[in-house]
There are 2 protein chains.
Amino acid sequence: MTGEGRARFERIYALLRSRICLLDYPPGMRLREEDLAEEFETSRTPIRRVLARLEDEGYVRSVHGVGTMVTDIDSASLEQVYRLRVELSELIGRLSPIVPDAETIEAFDVMRRRCEALAKAPDQRTFAQLNMDFLDLLMTLTENEPLREFSERLYYQTTRFWLKTVAGLERHEEALASETDYFLREISDIATAVSCGALETVGQVRRAHVAMSYARLKARARGDVLPDEV
Amino acid sequence: MTGEGRARFERIYALLRSRICLLDYPPGMRLREEDLAEEFETSRTPIRRVLARLEDEGYVRSVHGVGTMVTDIDSASLEQVYRLRVELSELIGRLSPIVPDAETIEAFDVMRRRCEALAKAPDQRTFAQLNMDFLDLLMTLTENEPLREFSERLYYQTTRFWLKTVAGLERHEEALASETDYFLREISDIATAVSCGALETVGQVRRAHVAMSYARLKARARGDVLPDEV
DNA sequence: CCGGATGATGATGTGTACAAATCCTCTGAT
DNA sequence: ATCAGAGGATTTGTACACATCATCATCCGG
């Protein structure tokens, strides 16, 4: 596969993955190959190529004679993914870190401003999108390709369950506002560390925030109300 | 995909990956879909499903109108993969370790005896196979599925370049004997730690051995002759 | 009224013909 | 002799028809 066909493949793949992670395609939803083929104005064959990759990466599961369903995840698996994410976070600063240039530093500042704007009008979908963009930016700080790839995959696996949990909360608006606030602090901390060129610190800060984010998620799923939302 | 078709898919995938990693299919070799279809007594369609996965994981690359070639790797990428492997190795003991039962302990002892037998008649292919089996056994020590999956992938990415380098050495028989010896020490150390239930130690020992293995590989690739082979 | 067989329906999996792209060879003009 | 270009051969990518499988409604018998 190469050239134009490759570009189309990547485009459809990224779009479907995005839809799954943003819960446009919620867990359990059935994706019909023919419908997708029609939407993207092609035949089933290229669609099946995309779905095959999504299945290999665990986003969907195809069953002969039934359909292709968006997967769900149990809390045990989520815990494993989060724990691995925590460990990988720190590696950003240890494996082939790239010294940030002025442009990169500016990019982090743009993120900070985007988050400040979000804090004034919290929105779940915008939050998720900002989160993804921030991860992408973080990953430009290391040249370690496999690390980038795995970090991305683990992130995409967790984000939709984070969204599902937060959306289903009793006081989900308060929770979302609180999470936006935490995220703003994370971005600020990391932006500062980046501007100093302290990439090890970036990794440690990120690790701490991923770990705390999961702790809050678990607490909220239990029904706890966090102190700052009282 | 499910049932019998799934089983066949997994079988062919594992076999082709094994052939690539054991250098039966050396880097640069062209795989013809039709030939593979004939070998496995099927049509191109299921073969393409397997090749698509192998491509997504970086083992091959398909180019329209040309063919499907087994990939090669540059030393920079190899370095990145190894450095990540070193970090992941230690996580075996930290993420959801499983307390080894008598059967597991016995399995490690079987590995040790296999390696002792190998040391008496070093053989590159047997060495590689033992290495793979040992990794599989190691991975049974953690319940962290994503960690298992990623560790496997990184290992499979490195092993064929290890094989290629060692096979191409001037004094490759001495090098192979030496590596077998190092590997025996690793297995012994880890088997001991496992029998004590000290999984953190297992991770640390493994980490050290992976790091040293890569250091030796780099040294040998430079043309150095290691002290113990003089 | 219930229960199992049975066929209709709709989904994914497979086989195959054809399209598109690349590579190699042959030809012919300069 | 060399190089440009056309054309054929080869190989992957795509479209589509059909096979296979699971589900569900229906019907018949007890």
Side-chain angles (χ1 to χ4, degrees), chain A residues 1-20 23-73, chain B residues 1-17 19-20 24-73:
Chain A
M1 193 170 49
T2 184
E4 195 177 340
R6 163 95 57 182
R8 179 179 66 173
F9 167 78
E10 295 290 348
R11 204 186 72 238
I12 299 178
Y13 165 76
L15 184 57
L16 292 190
R17 186 181 63 176
S18 166
R19 286 177 180 174
I20 291 172
L23 299 183
D24 295 331
Y25 295 160
M29 179 173 175
R30 277 182 24 187
L31 307 178
R32 285 192 355 107
E33 297 176 352
E34 203 125 4
D35 290 348
L36 294 171
E38 190 178 355
E39 172 180 355
F40 295 105
E41 295 177 332
T42 179
S43 75
R44 279 177 57 209
T45 307
I47 297 298
R48 285 180 59 75
R49 173 73 178 83
V50 171
L51 291 179
R53 178 160 172 182
L54 288 171
E55 179 169 19
D56 288 338
E57 294 179 348
Y59 297 104
V60 302
R61 177 170 174 78
S62 295
V63 179
H64 190 180
V66 178
T68 301
M69 281 82 64
V70 177
T71 55
D72 206 339
I73 198 174
Chain B
M1 192 170 46
T2 184
E4 195 177 339
R6 163 95 59 182
R8 179 180 66 173
F9 167 77
E10 294 290 348
R11 204 186 73 239
I12 299 177
Y13 165 75
L15 184 56
L16 291 190
R17 186 181 63 176
R19 285 178 181 174
I20 290 171
D24 294 331
Y25 295 159
M29 177 172 176
R30 280 185 20 191
L31 307 179
R32 287 191 355 103
E33 296 177 351
E34 203 126 7
D35 290 348
L36 294 171
E38 190 178 358
E39 173 180 354
F40 296 104
E41 296 177 330
T42 178
S43 76
R44 279 176 58 210
T45 306
I47 298 297
R48 285 179 60 76
R49 173 73 179 84
V50 171
L51 291 179
R53 178 160 174 181
L54 289 171
E55 179 169 19
D56 288 338
E57 295 179 346
Y59 296 106
V60 303
R61 176 169 175 79
S62 294
V63 179
H64 190 180
V66 179
T68 301
M69 281 83 63
V70 176
T71 55
D72 207 338
I73 199 173

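A note on names: the letters A, B, ... follow the listed sequences, proteins ahead of strands, and every chain is numbered from 1.
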S.K.: Residues of residues 43-56 of chain B with any non-hydrogen atom less than 4.0 angstrom from an atom of DNA chain D: list those, numerically ordered, please.
M.R.: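 Within residues 43-56 of chain B, the residues near DNA chain D are B/Arg44, B/Arg48.
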
S.K.: Step through the shown structure and confirm whether more than 12 heavy atoms of other residues, nucleotides or ligands are within 6.0 Å of CD on A/Glu34.
M.R.: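 Counting other residues, nucleotides and ligands, CD of A/Glu34 stays at 12 neighbours or fewer.
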
S.K.: State whether B/Thr68 places a side-chain N or O below 4.0 Å from either non-bridging phosphate oxygen (OP1 or OP2) of D/dT11.
M.R.: no

S.K.: Look up atom CG in B/Asp72 and atom CE in B/Met29, then write down how far apart they are to the nearest 0.5 Å.
M.R.: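 If we round to the nearest 0.5 Å, B/Asp72:CG and B/Met29:CE are 14.5 Å apart.
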
S.K.: Under 3.5 Å, side chain of A/Thr68 to main-chain N/O of A/Arg61, donor-acceptor pair present?
M.R.: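 Such a contact is absent between A/Thr68 side chain and A/Arg61 backbone.
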
S.K.: Using side-chain heavy atoms (C-beta onward) and a distance below 4.5 Å, is A/Val70 in contact with A/Tyr59?
M.R.: no

S.K.: Please report the interatomic distance CZ(A/Phe40) to CZ(A/Arg11), rounded to the nearest 0.5 Å.
M.R.: 7.0 Å

S.K.: I want to check something: taking the side chain as every heavy atom from C-beta on, are B/Glu38 and B/Ile47 in contact at a cut-off of under 4.5 Å?
M.R.: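 No, too far: nothing below the 4.5 Å cut-off.
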
S.K.: Considering only heavy atoms of chain B and a distance under 4.0 Å, specify the first and last nucleotide of DNA chain C in 5' to 3' order that meet this criterion.
M.R.: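 Here the contact window of chain B covers C/dT12 to C/dT22.
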
S.K.: For residues A/Ile12 and A/Leu36, determine if any side-chain heavy atom of one lies less than 4.5 Å from a side-chain heavy atom of the other.
M.R.: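 No, too far: nothing below the 4.5 Å cut-off.
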
S.K.: Which of residues 24-41 of chain A sit near DNA chain D, with a heavy atom under 4.0 Å from it?
M.R.: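 Nothing qualifies; none.
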
S.K.: Decide if atom CD of B/Glu57 counts as having more than 12 heavy atoms of other residues, nucleotides or ligands within a radius under 6.0 Å.
M.R.: yes

S.K.: Tell me whether A/Thr42 contacts the main-chain N or O of A/Ala37 through its side chain, where contact means a donor paired with an acceptor under 3.5 Å.
M.R.: no

S.K.: Using the test side chain to side chain donor-acceptor pair (under 3.5 Å), find all partners of B/Arg19 that sit at least two apart in sequence or belong to another chain.
M.R.: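 Expected list: B/Tyr25, B/Glu39.
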
S.K.: Hey, can you pull the residues of residues 57-66 of chain A with a non-hydrogen atom under 4.0 angstrom from DNA chain D?
M.R.: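 Within this stretch, A/His64, A/Gly65, A/Val66 sit under 4.0 Å of the strand.
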
S.K.: A/Arg17: which residues meet the salt bridge (Lys or Arg N to Asp or Glu O under 4.0 Å) condition with it, sequence neighbours left out?
M.R.: A/Glu152

S.K.: Tell me, do A/Asp56 and B/Arg49 make a side-chain contact under 4.5 Å, heavy atoms counted?
M.R.: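 Side chain of A/Asp56 against side chain of B/Arg49, heavy atoms only: contact under 4.5 Å found.
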
S.K.: Just call it for B/Arg8: base, sugar-phosphate, or nothing, with non-hydrogen atoms closer than 4.0 Å on any strand.
M.R.: sugar-phosphate

S.K.: In Å, rounded to the nearest 0.5 Å, how long is the span from OH of A/Tyr13 to CD of A/Glu10?
M.R.: 8.0 Å

